[in-house]
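Report on one structure; see the data block that follows.
So that the names make sense, note that chain A is the first sequence line, chain B the second, and so on, each numbered from 1.
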Amino acid sequence: MSAILETRDVVVRFGVLNAVSHASIEVVEGRVTGLIGPNGAGKTTCFNVITGLQEPTSGKVFFEGKDITNKNPYKRARMGIARTFQKLEVFGSLSARENILVAAEQRKTWDRSGFDPNKVCDEMLAKVGLTDVSEFMVGTLPTGTARLVELARALASNPRVLLLDEPSSGLNEEETEEMASLLRKFVDDGLAVLLVEHDMSFVMGTCEYIHVLDFGTIIATGTPAEVQANAQVQAAYLGTETVEEAS
Amino acid sequence: MRLKVSPRLISALVVALIVLFLITKNWGGASVNAKTISSFLVVGIALGGIYAITAGGLVVTYATTGIFNFAHAAIGCFLAFCYWQLTVKQGLPTLVAIAITLLVIAPAIGFLLDKVIMRRLRDAALVVQLMVTVGLMLTFMGITLTIWSPKTGRTLPQFFESSKGVQLGDVTATWHRIITVVIALLVALGLRFLLYRTRLGISMRAVVDSRSLAGLTGAKPSIISGASWALGCMTAGLAGILIAPETGLVVDNLTLIIVVASAAAAIAQLKSIPMAFIGGLIIGLAKSFSSVYLEWGTDWAYADEAIPAAILFIALLFLPMARLETGKIRITKRTERLTKPWEAALGAGVMIALVGAWANGWIPWISGTTFGERSAVWLGRGAGFMVIGLIMISLIPLIGWAGQVSFANFAIAGIGAVLFSHFGGQNGDAIGIVFVMLVCAPLGLMIALPALRLKGLYLALATMAFAEVADKVIIRHPNMLDPSATGVLFKPVNIFGITISSDPSDRRAFLMFLVVTFALLFFMLEMLRRTRWARRWIAMSDSPAASATIGVNLTTTKMMVFMLSGAMAGFAGCMFGLQRGALSVDSFPLFAGLPLVLLLAVQGVRYPVAAFMGVIGLASFPALYEVLGKPSWLSAIELIGPGIAAIAMAYRPEGAVFYSGRDLAGLLPWRKDARLEKELMVAKEREQNIGKDEINDMGLTRPFTPDKVAQLDRVLDITDLVDEKKMVPTGGAS
Ligand SMILES: Nc1ncnc2c1ncn2[C@@H]1O[C@H](COP(=O)(O)OP(=O)(O)OP(=O)(O)O)[C@@H](O)[C@H]1O
Ligand SMILES: [Mg+2]
């Protein structure tokens, strides 16, 4: 299996801080790839590099074998990269339906398959279970629901790769489970998913392959079992656990 | 290897060539010798020093509070007048007067502004932040003009005016100039020291990034932001006092220094104080160079005054592209829903009916006044208000939906009016209107072009600079508007059998024509709001980063809305010309365009109906004067109107239309949702405005006194009310 999306030796420096150093990540079609790591490890920064919101200091990003490092964010979206955000980036003054519709209509600019944006929108609403609240301004929806709107919006552009940044934060247990089963469904449809997540049972249950970031460096890659057994990973996580307990 | 030429280098070369061309073309013939050079330097450095002080203060306020203060120079102007009052009028010694002005009045203004207004704006939308300070600027201008009537001339003496100054080569540097330069240096060093070496300064810088971070440094956030504003006002006042002897105590001139300060702030990328000083110096030197060496000729008589604006535009070209930031969106709670087509049609009908009924005398109300009798004067005024309404409505898609704060539309309308006088207007040819719209659409785009890739604030600066250039340079060029041709520039135009012109006999028909076109535009905008274009603009405004990641090309999306707005402003301009009949060179000053944007923003810049409410608001003052017989309290209200508007916006950021709409809906027994949402929104606002400040101010340090706990409880209680679970929408969407 060859990777559909790949970062090679990506480095991002903010002043003196190496947010990401020489991170190489591979995302393969038809499976969920995990990207985990303690707070501030550089996961979101990696997402920003992949989607073009953050220019890397060095390193390259490849999509379907093409170098997209210098492409505009919107061009990457048109190639088939979609994402959600850790801190909500919904269109708060549009309704849930309109949020998704914007993405579906935008897809018209590059997808000539003659689909009906309104229909796509209905499908997506049904898929994530938002049909009931579709007419509400997203600004008035609770965070968990708004997160689903973001997910549906990302899906509406019919991406090849979907990047999810902590999709379970703001969701309760039940909703998290639903999210996990949704993810499985997308992947079975051939989507490639890169998942950043703090909920370990969620990660271990959904990901087939995991990259572990710590202080911007990939310290381990492998299947969930391999990663869990890795001593370095345990150390990294133990370190944060103690911090969390203290706070 | 391919030769890679950086686009910046190319733009630098192009700019340099243009500047060289302008210099050679307008060379005044003064020989370049030690004398001219030293006078160029002495004047330039002194002027630059003053600009540097005011720009430095502006940048400090922005960097520490996140709010760009358009009122900065207006406050400086007010303080300069205060100083004049104290020295010249009351005869106080200079130093005492300076101390009172800069150490008492200026900080008082700063703390008051912070306490009453600015603190609430921290999380407000850009348009609200900007419009509040524009409102303040107009208020300070108004107050100054009222207290110190412009009819009497005033001069502020220079420092040590009687003594000779210092001989530098062939020129004398007056003590005033030398003091200016010394003070500028001291202020620069002082600000630098304050912000980087003192606890207060470091907290000031921290506060803009993170309120909680500032809490850690141990200072109260409210004191920190108050100090920032006080500091800003002090620098503004200092600059005002120093420059007034050179430019004269003239409100407009002193307030326009904001354009200079903005240009320097743009050079400083809004954050670097040393660069703000260098920027100020560059502008001072450029102006002095122009006055010593260049001769602009009668056609470009005012080109000199456009130098700061031009420098601003050049600075924008070289600023690095803005990152698409994430995690900064503000989720506000709104009960907003799409207007249905029949509702929009009904609204348009009501507008036509209302104006039509008044114009045709179907309202038998308040007769006995010229307003009630609808004299020709009043019909003309009514048409004038509708024209302003047309300009305001052109801002709805641009500012309200796409979030692009532009102050240029009044200037575009001005250029449109002038163009129409050349093409079509003189012959009463309606095709000219179409032509003007076709020119104004790309014009709107061109103004925005340098700022498209930058933060929204730069666009506001660029459009303001353009408005100034349009007024001073473009419209005053004899080929555009010949000052000697004072006659009627526009012949009556016949459209669909209606003759429209400024002629008294045509005024009623013109007014009806205007209200019908206005209502049509209103309806079109409401329909446009339901299309993918408006959706995309709003999405772009709500979250540029998310828009880009779903494939929206932000540049072209912005371009579209600028063209639409430009065309609408061009149309409004043609109507402006027709309504006035004649134009004078000073018909379109920057200060006349700003109140329109403010008025619209107060009404609610996202809602097309707000433009109509703005028209009614405009008409209400003169109408009340007529009906009530010119009471003096009314003129007082009119004077501080912008100030009231500014404060209203700080507390009611969505605009009057929104709140009154929601409250009206809440009165209907079946609109429980509107009542519930109002409750939630009010609670949410309280939490945002008070909660954080109170917690921060308490510092959450031991010991926890009962007072503190009670206060904390109250804060948390409010937070409880906006608990997410209660936010789940109940009932059907309506
Ligand atoms: N724009 C920026 N400027 C400066 N530093 C930044 C910027 N964005 C992120 N950082 C820093 O880079 C580091 C990595 O941040 P990032 O958000 O990628 O971490 P993360 O793994 O997503 O963490 P979390 O689990 O908390 O979301 C952090 O130390 C952060 O403070
Ligand atoms: Mg993150």
Atom pair [atom1]/[atom2] of [X] and [Y] - distance to nearest 0.5 Å:
| X | Y | atom1 | atom2 | value |
| --- | --- | --- | --- | --- |
| Met540(B) | Phe91(A) | CE | CZ | 10.5 Å |
| Ile550(B) | Ile81(A) | CD1 | CD1 | 15.0 Å |
| Asn72(A) | Asn553(B) | CG | CG | 7.0 Å |
| Arg535(B) | Leu101(A) | CZ | CG | 4.0 Å |
| Asn99(A) | Ile538(B) | CG | CD1 | 10.5 Å |
| Arg153(A) | Ser547(B) | CZ | OG | 7.5 Å |

Checklist line | Arg532(B) side-chain N/O to Glu105(A) backbone N/O, donor-acceptor pair under 3.5 Å | finding: no

Notebook entry, point to check: Glu89(A) side chain to Ala546(B) main-chain N or O, any donor-acceptor pair under 3.5 Å?
Noted result: no

Margin query: Is it true that, when you exclude Lys108(A) itself, more than 12 heavy atoms of the residues, nucleotides or ligands shown sit nearer than 6.0 Å to its NZ?
Written below: yes

Notebook entry, point to check: Does a sphere of radius 6.0 Å around CD in Glu177(A) hold more than 12 heavy atoms from other residues, nucleotides or ligands, not counting ones at 6.0 Å or beyond?
Noted result: no

Checklist line | Residue list, side chain to side chain contact (heavy atoms under 4.5 Å, CB included) with Ala448(B), at least two apart or on another chain | finding: Leu452(B), Leu459(B), Phe562(B)

Notebook entry, point to check: Should the pair Glu98(A)-Arg536(B) be classified as a salt bridge under the 4.0 Å nitrogen-to-oxygen rule?
Noted result: no

Check: Which residue out of Ser95(A), Ala103(A), Ser157(A) racks up the most heavy-atom pairs below 4.5 Å with chain B?
Finding: Ala103(A)

Only distances under 3.5 Å count here; give the side-chain donor-acceptor pairs of residues 41-48 of chain A to other protein atoms, sequence neighbours excluded, each with its distance to 0.1 Å.
{"unit_1": "Lys43(A)", "atom_1": "NZ", "unit_2": "Gly37(A)", "atom_2": "O", "d": "2.9"}
{"unit_1": "Lys43(A)", "atom_1": "NZ", "unit_2": "Pro38(A)", "atom_2": "O", "d": "3.0"}
{"unit_1": "Thr44(A)", "atom_1": "OG1", "unit_2": "Gln86(A)", "atom_2": "OE1", "d": "2.8"}
{"unit_1": "Thr44(A)", "atom_1": "OG1", "unit_2": "Asp165(A)", "atom_2": "OD2", "d": "3.0"}
{"unit_1": "Asn48(A)", "atom_1": "OD1", "unit_2": "Arg83(A)", "atom_2": "NH1", "d": "2.7"}
{"unit_1": "Asn48(A)", "atom_1": "OD1", "unit_2": "Arg83(A)", "atom_2": "NH2", "d": "3.4"}

Next item on the list: Measure across Thr549(B) and Phe85(A) and return the closest heavy-atom pair with its distance rounded to 0.1 Å.
Entry: OG1-CZ, 3.7 Å

Margin query: Quick check: closest heavy atoms across Gly551(B) and Ala77(A), and the distance to 0.1 Å?
Written below: N-CB, 3.3 Å

Note to self: So if I take each residue of residues 117-125 of chain A and look for any heavy atom under 4.5 Å from a heavy atom in chain B, which residues do I end up with?
What the structure shows: none

Margin query: What residues of residues 53-69 of chain A make heavy-atom contacts with chain B at a cutoff under 4.5 angstrom?
Written below: Leu53(A), Gln54(A)

Next item on the list: Apply side chain to side chain donor-acceptor pair (under 3.5 Å) to Arg606(B) and Ser93(A), showing your working.
Entry: CA-CA 10 Å; Arg606(B) 308 158 64 88; Ser93(A) 38; 3.1 Å; yes

